Participant: 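Once you've had a glance at the structure underneath, I'll fire off some questions.
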Amino acid sequence: MKSDCIFCKIANKEIKSEIVYEDKDMLAFKDIDPKAPVHFLFIPKKHITTLNDILPEDGALLGNMFLKMKETALKHGISSDGYRIVANCNKNGGQAVLHLHFHLLGGRSLAWPPG
């Protein structure tokens, strides 16, 4: 845990969030500024700053996170129409919080280009 990290504080229940899934290794919660009808953030409880900081021993954790994202998409009725998983890396990649996280978005067309 990193004491000044907002996502670490959410994982430790120091900051309230609308949790949609939790186990010993990860947490998923509703995004406070959703970009789609379904918009959840999946975070590892272990503080990993960016995609660049993933270690070989994090492979099982990340694999389990993707399995849980797939299950969550099914549970929330977006798996058949489609959904998007996004991970941003560092400032120019659009990463606003320096704690690895994945956005699960769905419930509307996310096709690019729009239209």
Side-chain angles (χ1 to χ4, degrees):
M1 172 171 141
K2 195 170 175 207
S3 64
D4 63 340
C5 173
I6 191 168
F7 286 172
C8 286
K9 289 178 180 182
I10 289 171
N12 285 326
K13 310 295 191 302
E14 296 171 37
I15 296 175
K16 189 174 174 135
S17 66
E18 252 189 278
I19 296 170
V20 295
Y21 178 78
E22 181 175 15
D23 66 24
K24 68 180 182 60
D25 297 317
M26 75 182 90
L27 182 73
F29 52 95
K30 290 185 177 183
D31 193 296
I32 62 169
D33 184 23
K35 306 299 184 210
V38 174
H39 188 169
F40 304 136
L41 297 177
F42 281 76
I43 64 169
K45 288 186 175 178
K46 170 187 176 183
H47 183 86
I48 302 171
T49 305
T50 73
L51 287 166
N52 294 333
D53 301 299
I54 294 170
L55 300 173
E57 57 264 27
D58 297 323
L61 166 64
L62 295 173
N64 287 334
M65 288 181 76
F66 275 89
L67 288 171
K68 189 47 67 177
M69 286 184 265
K70 176 191 80 160
E71 290 173 18
T72 302
L74 180 64
K75 179 180 176 183
H76 288 272
I78 61 172
S79 62
S80 61
D81 285 340
Y83 57 94
R84 179 176 290 166
I85 296 172
V86 177
N88 302 317
C89 186
N90 282 322
K91 181 182 171 185
N92 284 348
Q95 186 176 5
V97 177
L98 292 176
H99 183 121
L100 180 66
H101 57 285
F102 299 94
H103 297 259
L104 172 64
L105 301 114
R108 68 168 175 82
S109 175
L110 299 166
W112 191 259

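Since the structure is predicted, the reported quantities are computational estimates derived from the model, not experimental observations. Along the sequence shown, residues are numbered consecutively beginning with 1.
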Participant: Considering residues at least two apart in sequence or located in another chain, which fulfil the side chain to side chain contact (heavy atoms under 4.5 Å, CB included) criterion with N88?
Facilitator: V86, Q95, H103

Participant: Are the side chain of H101 and the backbone of H99 linked by a donor-acceptor contact shorter than 3.5 Å?
Facilitator: yes

Participant: Not counting sequence neighbours, which residues clear side-chain hydrogen bond (donor to acceptor under 3.5 Å, both in side chains) with T50? List them please.
Facilitator: D53

Participant: Taking a hydrophobic cluster as the set of Ile, Leu, Val, Met, Phe, Trp and Tyr residues connected by side-chain heavy atoms closer than 4.5 Å, whether directly or through intermediates, do L27 and L41 fall within one such cluster?
Facilitator: yes

Participant: What distance separates M69 CE from M26 CE, expressed to the nearest 0.5 Å?
Facilitator: 8.0 Å

Participant: Same cluster or not: L104 versus L51, using hydrophobic residues (I, L, V, M, F, W, Y) connected whenever any side-chain heavy atoms lie under 4.5 Å apart?
Facilitator: yes

Participant: Taking salt bridge (Lys or Arg N to Asp or Glu O under 4.0 Å) as the cut-off, I'd like each qualifying pair that reaches into residues 12-24, sequence neighbours left out, listed once.
Facilitator: K13-E22, E18-K30, E22-K45

Participant: Are V38 and L110 linked, directly or through intermediate hydrophobic residues, by side-chain heavy-atom contacts shorter than 4.5 Å (ILVMFWY only)?
Facilitator: no

Participant: Sorted by first residue and then second, give each side-chain hydrogen bond (donor to acceptor under 3.5 Å, both in side chains) pair with at least one member in residues 55-75; sequence neighbours left out.
Facilitator: K46-D58, K68-E71

Participant: State yes or no: are the ring centers of F102 and F66 separated by less than 6.0 Å?
Facilitator: yes

Participant: Can you name the closest pair of heavy atoms from P37 and G107 and give their distance?
Facilitator: CG-O, 3.5 Å

Participant: Please indicate whether L67 has more than 12 foreign heavy atoms, meaning atoms of other residues, nucleotides or ligands, lying under 6.0 Å from its CG.
Facilitator: yes

Participant: Say whether L100 and I85 are linked into one hydrophobic cluster, either directly or through other cluster members, by side-chain heavy-atom distances under 4.5 angstrom.
Facilitator: yes

Participant: Under the side chain to side chain contact (heavy atoms under 4.5 Å, CB included) rule, collect the residues that match up with S17, sequence neighbours excluded.
Facilitator: I10, I19, F29

Participant: Can you check whether D33's main-chain N or O pairs, donor with acceptor, with D31's side chain at less than 3.5 Å?
Facilitator: yes

Participant: What's the separation between atom CD1 in I54 and atom CG in L62, rounded to the nearest 0.5 Å?
Facilitator: 4.5 Å

Participant: Atom CZ of R84 and atom CZ of R108: how far apart are they, to the nearest 0.5 Å?
Facilitator: 8.0 Å

Participant: Under a 4.5 Å cut-off applied to non-hydrogen side-chain atoms, are F40 and H76 in contact?
Facilitator: yes

Participant: Side chain to side chain contact (heavy atoms under 4.5 Å, CB included) with D4: which residues, sequence neighbours excluded?
Facilitator: K2

Participant: In this structure, would F7 and Y21 fall into the same cluster of hydrophobic residues linked by side-chain contacts under 4.5 Å?
Facilitator: no

Participant: Could you grab the distance from atom SG of C8 to atom CG of L98, nearest 0.5 Å is fine?
Facilitator: 11.0 Å

Participant: Find the distance between CG (L105) and OH (Y83) and round it off to the nearest 0.5 Å.
Facilitator: 12.0 Å

Participant: Looking at H39 and P34, what are the two nearest heavy atoms and their distance?
Facilitator: ND1-CA, 3.4 Å

